[in-house]
Amino acid sequence: MLKSHPCGGLTGKEIGNQVVLCGWVQRKRDHGGVTFIDLRDRSGIVQVVFDPRECGQEVATLAREVGSEWVLKVSGVVHRRPPGTENPRLATGEIEVRAQEATVLNPASPLPFPVRDDVKGVDEILRLKYRYLDLRRPAMRQALELRHRFTKAVRDFMDQQGFWEVETPILWKHTPEGAREFLVPSRLHPGRFFVLPQSPQIAKQLLMVAGVEKYFQIARCLRDEDPRADRQPEFTQIDVEMSFVTADDIYELVEGLLSYALKVAAGRDIPTPFLKMSYQEAMTRYGSDKPDIRFGLLVEDVTDILKESSFRAFSDTVREGGIIRGLFVPGLETLGRKDLAELTELTKRAGAKGLATIPIGDRQQESLVARFLTEKEKEALASRFGSERPGWILLVADQADRVEEAVGLLRLKLARHRKLVPERCSQELAFLWIVDRPLLEWDAREERYVPLHHPFTSPFPEDIPLLEEGVRMLETGRGEKKGSPDHPLRRVRAYAYDIVLNGYEIGGGSIRIHDRSLQELVFRAIELPREEAKRKFGFLLEAFEYGAPPHGGIALGLDRILAVLCDAEQTDPDSGLPYLNIREVIAFPKTSTMADPLTGAPTPVDEKVLKEQHITLVPEVWAKVQQEAGGIGESNE
RNA sequence: GGGCCCGUGGUGCAGCCUGGUUAGCACGUCGGCCUGUCAAGCCGGAGGUCGCGGGUUCAAAUCCCGUCGGGCCCGCCA
């Protein structure tokens with residue numbers, strides 16, 4: 001090694017010791033005589049003092065000539081800083097290194113943007129183009145380090161629990177259901193394609209049939225869907241599958257895993273077991289299938305109170321099968337006219353017709369709705385929300401799904417507006433299991449029931465009779481109409497679970513079907529003909545015929561967990577809604593248009609390469625590629 | 001596929017609504033001064049076809065249309 005110590009690791013213990021440091025120039029303070037250089041490596045920063053009386057004129061001159069991010073090798077002696085010059089903001093602020101010699105290992109060009117955490121708002125595309133500079137910032141370096149420590153802890157824990165990490169193929173088979181997949185043309189099999197796996201789901205189930213019993217993998221998943229702030233075309237899952245288990249075993253394992261990894265990697269103590277909440281309760285009380293339970297602001301249903309209201313928007317909605325739900329915000333002064341307008345805007349975003357704002361206490365005249373309500377109705381509302389103090393009741397009346405979404409969004413925005421959650425999202429970690437989701441949902445466009453999770457998810461054992469009844473109705477055309485909200489198939493619960501952290505879905509899984517007749521029943525429920533099932537999943541179904549053990553598992557979204565831990569939450573300035581930017585915890589992420597500004601990918605390829613892969617571009621695309629070719633060539637030099 | 005928002009020296013922002021001197025500020029950068037700073041300080045300089053194209057106008061960073069790039073969202077993500 002060219003260096004003897006890490007910059008950030010020097011302490012008072014090294015005082016008097018000769019050290020050799022290598023690192024980057026964070027900052028230089030040139031006083032004409034003495035020059036200070038903050039030297040940074042991945043461990044941190046230490047102040048190096050170049051005093052011509054100690055290091056000689058030549059070295060002092062060299063120190064004055066360096067610029068930001070130059071790479072230096074410095075040898076010197078560790079000294080306690082003179083009294084009064086300590087820097088409490090620096091971990092190494094008690095000491096400094098008095099340089100004796102210095103070498104420039106490499107100079108650096110002026111920077112395209114400052115490599116500093118305290119400069120906010122640098123254009124993200126610029127940061128991505130120079131990702132190697134951006135990653136030098138302490139915050140980014142810490143994210144990389146945390147990611148390493150976390151995955152290391154995951155591997156240690158899973159190993160202790162008897163799990164084997166097994167790698168699964170990256171070149172996989174296309175399956176038409178689920179996420180759109182990235183295609184990989186097969187050169188040796190013209191006209192055929194591999195796909196990149198959207199997850200190792202089927203492979204891990206095959207490993208269960210193979211008798212591995214306890215499998216895990218820190219697995220890359222690839223999905224060719226439109227990205228979002230918390231979705232990348234490639235992302236990482238902690239993928240787990242176990243044989244001979246119930247859901248309780250999975251809960252216990254995951255709670256143990258997360259509490260261990262958080263303790264070891266981040267020094268965080270989190271209480272276990274995690275809270276469990278039914279999907280039903282999440283939707284009705286929180287307006288979300290991934291509730292943030294760090295704050296209250298619970299949703300109340302007031303349909304019964306207002307169904308006869310003289311305010312037509314209420315009574316008409318209820319008559320048409322809609323519902324009325326809302327929230328209570330204490331304090332009339334907390335929401336001004338502008339706030340109320342913004343909240344109304346937000347409800348419209350959910351497709352709801354509007355937001356009724358009812359003041360409790362005075363200021364009755366300011367509310368259009370309040371004038372239509374009787375004293376009795378207002379009293380009933382106030383008592384429903386348990387509001388003894390003045391405040392605002394915010395109500396949405398519409399069809400159930402829109403109301404749920406709208407009040408869910410209101411809850412999130414209000415929590416930020418009223419500062420009910422800490423500024424930094426890592427400060428409080430609220431884990432939650434969501435259970436008892438429906439197995440199937442009605443797809444109005446396809447006119448059939450589709451799995452909410454995937455077709456191998458087991459129904460809740462008690463609900464199997466319901467599933468049988470539903471399939472009977474479906475196939476005989478008798479009983480409840482297909483698609484009706486009361487259809488038995490909609491009431492079948494899945495033996496599945498989702499895990500939520502601070503309002504973000506960080507994972508999900510299920511107990512799988514290992515019984516062939518049950519599997520066929522589910523295929524009938526989703527109207528997947530036997531032939532088609534065979535074509536799509538034939539190899540898995542065949543595997544299940546050779547002694548498949550009961551099994552189940554889960555996949556945890558590593559990027560999202562780390563994004564919460566790294567405070568990569570931002571607030572959308574337009575809507576006031578929070579979102580997670582997982583790009584902050586990925587070393588080389590893609591933009592939200594699925595491009596990589598650093599390498600320029602995706603790029604066109606030579607015609608020769610296309611030909612080898614038996615690919616011909618459609619004429620319009622070919623023309624466009626030709627036209628752009630010059631520009632792309634230039635920008636990549 | 002659709003909606004909303006953003007684009008001004010290397011970086012971050014102001015100016016735009018209400019068109020009108022040399023487009024302003026901070027950081028960085030370059031030169032000079034300075035021996036204890038740590039966002040060092042002081043003095044001086046360079047650096048902008050206001051993303052691009054078109055239109056309206058005597059006059060466009062500013063208004064209008066288009067386009068490109070970016071961000072967030074809806075659809076999509078079993």
Side-chain angles (χ1 to χ4, degrees), chain A residues 26-38 45-54 60 64 67-68 81-90 92-93 96 98 109-116 118-130 175-181 198-199 201-202 221-233 235 345-346 348-351 405 409 439-441 443 445 449-457 494 496 505 508 510 526 528 536-537 557 570-581 583 591-593 595 597 628 631 635:
Chain A
Q26 180 68 43
R27 193 163 272 283
K28 177 185 68 178
R29 291 175 295 280
D30 176 359
H31 285 245
V34 69
T35 296
F36 301 94
I37 287 177
D38 292 338
I45 288 174
V46 70
Q47 173 167 277
V48 181
V49 186
F50 292 84
D51 190 327
R53 291 169 302 198
E54 290 183 47
R64 299 179 64 177
S68 284
R81 289 200 187 187
T85 66
E86 300 88 351
N87 183 354
R89 292 168 56 193
L90 219 55
T92 59
E96 62 192 10
R98 304 259 176 93
S109 301
L111 302 170
F113 58 89
V115 179
R116 287 168 52 174
D118 55 342
V119 176
K120 304 283 179 215
V122 175
D123 185 25
E124 202 172 341
I125 195 162
L126 197 67
R127 291 176 50 205
L128 290 177
K129 184 169 178 187
Y130 298 96
T175 48
E177 304 237 349
R180 188 182 299 114
E181 293 160 323
Q198 43 180 293
S199 82
Q201 180 61 37
I202 292 177
C221 302
L222 301 118
R223 295 180 189 173
D224 188 7
E225 295 292 348
D226 291 4
R228 289 282 189 280
D230 61 352
R231 292 187 343 216
Q232 281 272 301
F235 62 100
E345 195 58 38
L346 194 62
K348 287 183 176 161
R349 198 171 128 150
E405 190 186 342
L409 296 179
L439 181 72
L440 306 168
E441 68 182 342
D443 187 327
R445 212 174 21 179
Y449 293 92
V450 295
L452 215 65
H453 197 55
H454 60 66
F456 313 112
T457 298
E505 184 193 329
S510 63
I526 61 174
L528 186 69
K536 287 177 179 171
F537 313 109
Q570 290 169 24
T571 304
D572 182 62
D574 295 329
S575 63
L577 293 173
Y579 63 91
L580 268 192
N581 183 355
R583 294 186 295 267
T591 63
S592 76
T593 50
E628 289 169 355
S635 67

> Can you list the residues that meet the ring-ring contact (aromatic ring centres under 6.0 Å, His included) rule with A:F36, with sequence neighbours excluded?
Replying inline: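 Residues passing ring-ring contact (aromatic ring centres under 6.0 Å, His included) with A:F36: A:H31.
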
Touch check for [X], heavy atoms < 4.0 angstrom, all strands: base, sugar-phosphate only, or nothing?
X      : answer
A:P114 : sugar-phosphate
A:R228 : base
A:T591 : sugar-phosphate
A:P455 : base
A:L577 : nothing
A:Q570 : nothing

Given [options], identify the nucleotide with an atom nearest to the side chain of [X].
X      : options             : result
A:V122 : B:G71, B:G12, B:C73 : B:G12
A:D123 : B:C76, B:C4, B:G70  : B:G70
A:V34  : B:G36, B:G75, B:C72 : B:G36

>> Check this for me: A:E345, atom CD, are more than 12 non-hydrogen atoms of other residues, nucleotides or ligands nearer than 6.0 Å?
In response: no

Would you check if [X] and [Y] make a side-chain contact, meaning some heavy-atom pair closer than 4.5 Å?
X      : Y      : result
A:R64  : A:F50  : no
A:K536 : A:T175 : no
A:L346 : A:L577 : yes

If I pick the [atom1] atom on [M] and the same atom on [N], what distance separates them, to the nearest angstrom?
N     : M     : atom1 : value
B:C50 : B:C33 : P     : 38 Å
B:A61 : B:C17 : P     : 12 Å
B:G75 : B:G19 : C1'   : 41 Å
B:G66 : B:C72 : P     : 24 Å
B:A40 : B:G54 : P     : 45 Å
B:U57 : B:C65 : C1'   : 16 Å
B:C5  : B:G45 : P     : 42 Å

> Start at the 5' end of RNA chain B and walk down; is the nucleotide closest to A:P110 or to A:P451 reached first?
Replying inline: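 With A:P110 and A:P451 compared, the 5'-side residue is A:P110.
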
> Which residue lies toward the 5' end of RNA chain B, A:E441 or A:R583, if each is placed at its nearest nucleotide?
Replying inline: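 The residue mapped nearer the 5' terminus is A:R583.
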
> Which nucleotides of nucleotides 37-52 of chain B have their base under 4.0 Å from a protein heavy atom (B), which only their sugar-phosphate (S), and which neither (-), written as one string 5' to 3'?
Replying inline: BBSB------------

> Any idea which heavy atoms bring A:Q26 and A:V115 closest together, and the distance?
Replying inline: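 Smallest heavy-atom distance, with atoms named: NE2-O, 3.1 Å.
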
Taking only side-chain nitrogens and oxygens of [X], does any of them come within less than 4.0 Å of OP1 or OP2 of [N]?
X      : N     : answer
A:R53  : B:G36 : no
A:T593 : B:G70 : yes
A:S592 : B:C72 : yes

>> A:D38 and salt bridge (charged side-chain N to carboxylate O under 4.0 Å, His left out): which single residue from A:R29, A:K28, A:R116, A:R89 fits?
In response: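 Passing option: A:R29.
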
>> For A:D226, give me all partners under side-chain contact (heavy atoms from CB on, under 4.5 Å), at least two apart in sequence or on another chain.
In response: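 Counting only residues at least two positions away or on another chain, A:D226 forms a side-chain contact (heavy atoms from CB on, under 4.5 Å) with A:R228.
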
